[in-house]
Every structure is written in C-alpha cells, then in structure tokens.
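First comes the structure, then the notes that go with it.
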2 protein chains.
Amino acid sequence: MAYRLDEQIGYILRLANQRHGLIFNKHSELGLTPTQFAALVRIGEMGACSQNLLGRRTAMDVATIKGVVTRLKAKGFIQLSPDPGDKRRTVVSLSAQGQEVIDQLHAFGEKVTEETLSPLNEPERKVFLDMLKRLT
Amino acid sequence: MAYRLDEQIGYILRLANQRHGLIFNKHSELGLTPTQFAALVRIGEMGACSQNLLGRRTAMDVATIKGVVTRLKAKGFIQLSPDPGDKRRTVVSLSAQGQEVIDQLHAFGEKVTEETLSPLNEPERKVFLDMLKRLT
DNA sequence: GGTTATTCATTTGTATACTAATAAACAACC
DNA sequence: GGTTGTTTATTAGTATACAAATGAATAACC
C-alpha cells in the first residue's frame, strides 16, 4: 500500500487543528487566541497559581507560558504578584476584568466546541472525544 | 454542566498534536520537522509544482510555505527553478537527494503513524480517522 | 550546616502559522 | 489594446511551540 500523506494521523490532526482555529477566531470577541483562552479558563478553574504551574496545567512550556501570561496581563485579564513564601515564583491570578469575563468565555467556548464538532452527531462525538483523549 | 477545559475539542486536539510532534521528533533521523516532512512527501506525490500551489496542497499559507521551502532547499532535499511559462512562479522539485530519501520518509512516516495510533486497535483507528477527517 | 539536586523564571534561537501589505506578472474582458 | 481583476511571491509583524542555557531560590539529604 502506497504511503499517502492525506491518510496520516499527524497531517489530519494538523488540518483539524487549523479548522478549529478558524472557527475560534471567527467567533472571538475578546481578542483572545486559543492558547490565551485556555490559560485564562484554567486560571478560572484552578484559582491563583505560579506561572510555571499554569504552564504545566495548560501544556505549555516555560517559554510559551511566559509570553501568554505577558499578553494576558497586557490585556488586563490577569494580574501578577510575588509569592510571599517563595521568591522564585510569580503568582498569576484573575483581575477583576478577568473574573467578569469568565462566564462569557465559557459560553464562547461552548459555541466554538459546538461548531467544531458539528459534522458529528451526539453519539459520534462521545466516541470521538474518548478516542482522541487516548491519543494525548 | 460546568465548562471544563479538559473536555473541549480544541484543547484536546492541541494535546494530541503535541504528542504526535514528540513521537515524530523522537524517530526523526533526517532532521525534518512534521511540516517539512509533509511538504517533501507532497512534492514526491505531486511532482514539481509552484511554491504557492505546494502550500495549498499542504495547507500552508504563502508565508509559511516560503519558510518551509527555504529550509528544505538549504537542507538539499529540493531545488528551485524559474517557470519558463510564468515569470511569477518558482518551480519546486525534488533534488537527487530528495528523490533518494522518499522511500525512507515513507517508512519513517508509517512508524510515526503506527506509534501515534498505538492506543487504538485496528477497527478503532478506522472509525477515528474517518471522524477526524470530517472535522477538517 | 553545607553540599547537591531541583524548581522557577528568563532569555536566546529556530520553526510553524496567520494577517496584511506590496510589486510583478498574468488573465479576462469589453 | 487597455483596463480590471487575479495570482504569485515576498516581506513585516504577531503569536504559539520547543530546546537549551542561565541565575536565583528552594528542597533534600547526609
């Protein structure tokens, strides 16, 4: 059987990611990227935490989370403060503005998820997500 | 139902992509990235074509394919030549070295695909790939 | 208590990925 | 045949993503 790029999981994953990004950007109101969105939602879930821990919990390495935090701070959604008990750490937490948009983010995220999964019906979505999770 | 980042298709797709990238790099012998690999395999499938067309056939915009072509050329896998019939175009084609590694690339790609899909059994892989393709 | 190892954050460098703007060449059309 | 519109390629700017190196602070351990 000949090797066909269009049948390879890596290539198709990249295409699916691209499509998701397009859908995300089309609906985006707050000017957030998918990555910034993920970090912000995660802080909402976790509460305040160190910058590196936030990176680990959102699957971003230290260099990536650094940039994401910088931009979320510049946009006013988070605030940074020194950790009283550990001088190495920078504590990341939601700003008042960040708190205010969390519900909006969730509604937005649900819309993006819905449209991204729209080619699949309900039982298919469950099967698909279960299998996709096993590939992480 | 509360919104949970870990259940969102966009976030899980990103994680799956990351894992695939790690597997790809672990096995990579020729120093290619997944994107460079895709472009090179595609040229092998299509034969010579313009730089922009190659980008379209590998889902890369003009800026991205430009960089990929530059690096594939620097690594000696492709060659560039002017299009005799269209002065705008740059024709991209495999170099002798590129021709030589195509079979190796296919074997490598199959190994990466196999390991990436290893958490799924054979019938699951088929179902999964079919559904994933519908999300592109 | 002092050595060793680990963790945290930053920085540098390389590689996608997309937008937008530009210039040159080509195509369509009246 | 000249205007209009499209295509091709380049460039600049922003944002992930990862590797690797660094310095500061903390933890582990004998």
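Here is the naming used below: chain letters follow the sequence lines, and residue numbers restart at 1 for every chain.
Closest to the side chain of B:Arg14, out of D:dA17, C:dC18, D:dT8, is D:dA17. Across C:dT16, D:dT16, D:dA9, the shortest atom-to-atom separation from the side chain of A:Val68 is found for D:dT16. If you check C:dT19, D:dA19, D:dT6 against the side chain of A:Asp61, the one that comes closest is D:dA19. Out of D:dT10, C:dA15, D:dT16, the shortest distance to the side chain of B:Lys66 is found at D:dT10. Considering only side-chain atoms of B:Asn52, the nucleotide from C:dC8, D:dA20, D:dT8 that sits closest is D:dT8. Of the candidate nucleotides D:dT10, D:dT8, D:dA12, D:dA12 has the atom nearest to the side chain of B:Ala63. Taking the side chain of A:Arg88 as heavy atoms from C-beta on, and the options C:dC8, D:dT8, D:dT11, the nearest nucleotide is C:dC8.
The phosphate of C:dA9 has OP1 or OP2 within less than 4.0 Å of a side-chain N or O from A:Ser50. Between A:Thr33 and D:dT16 there is a side-chain polar atom (N or O) within less than 4.0 angstrom of OP1 or OP2. At least one side-chain nitrogen or oxygen of B:Thr35 sits closer than 4.0 Å to the OP1 or OP2 atom of C:dT16.
Both A:Asn25 and A:Val62 lie near DNA chain C, and the one whose nearest nucleotide falls closer to the 5' end is A:Val62. Remark on DNA chain D: of its neighbouring residues A:Arg71 and A:Asp86, the 5'-side contact belongs to A:Arg71, judged by nearest-heavy-atom nucleotide. Taking for each of A:Lys75 and B:Gln18 the nucleotide of DNA chain D with the nearest heavy atom, the 5'-most of the two is the partner of A:Lys75.
The nearest whole Å value for the distance from the NE2 atom in B:His20 to the C1' atom in D:dC18 is 16 Å. For B:Met60 and C:dC18, the CE to P distance is 10 Å, given to the nearest whole Å. Between the CG atom of A:Leu54 and the P atom of C:dT7 there is a distance of 18 Å, rounded to whole Å. In this structure, the CG atom of A:Leu80 is 10 Å from the P atom of C:dA9, given to the nearest Å. In this structure, CG of A:Leu13 is placed 17 Å from P of C:dT16, rounded to the nearest angstrom. Going from atom CG of B:Asp83 over to atom P of C:dC26 covers 9 Å, rounded to whole Å. When the C1' atom of C:dT16 is taken as reference, atom CG of B:Leu22 falls 15 Å away, rounded to whole Å. If you take CD of B:Gln51 and C1' of D:dT7, they are 13 Å apart, rounded to a whole angstrom.
If you check every strand for non-hydrogen atoms under 4.0 Å, A:Thr90 touches sugar and phosphate atoms only.
Residues A:Arg125 and A:Glu114 have side chains in contact (heavy-atom distance under 4.5 Å, counting atoms from C-beta outward). Annotation: side chain of A:Val127 is not in contact with side chain of A:Glu124 (no heavy-atom distance under 4.5 Å).
Using a 3.5 Å distance cut-off with no hydrogens or angles, the side chains of B:Thr90 and B:Gln51 do not pair a donor with an acceptor.
Note: A:Phe108 and A:Phe24 have perpendicular aromatic rings, judged against thresholds of 30 and 60 degrees for the angle between ring planes.
Between B:Arg134 and B:Asp130 there is no salt bridge, since none of the side-chain N atoms of the basic residue sits less than 4.0 Å from a carboxylate O of the acidic one.
Counting non-hydrogen atoms of other residues, nucleotides and ligands closer than 6.0 Å to NZ of A:Lys133 gives a total above 12.
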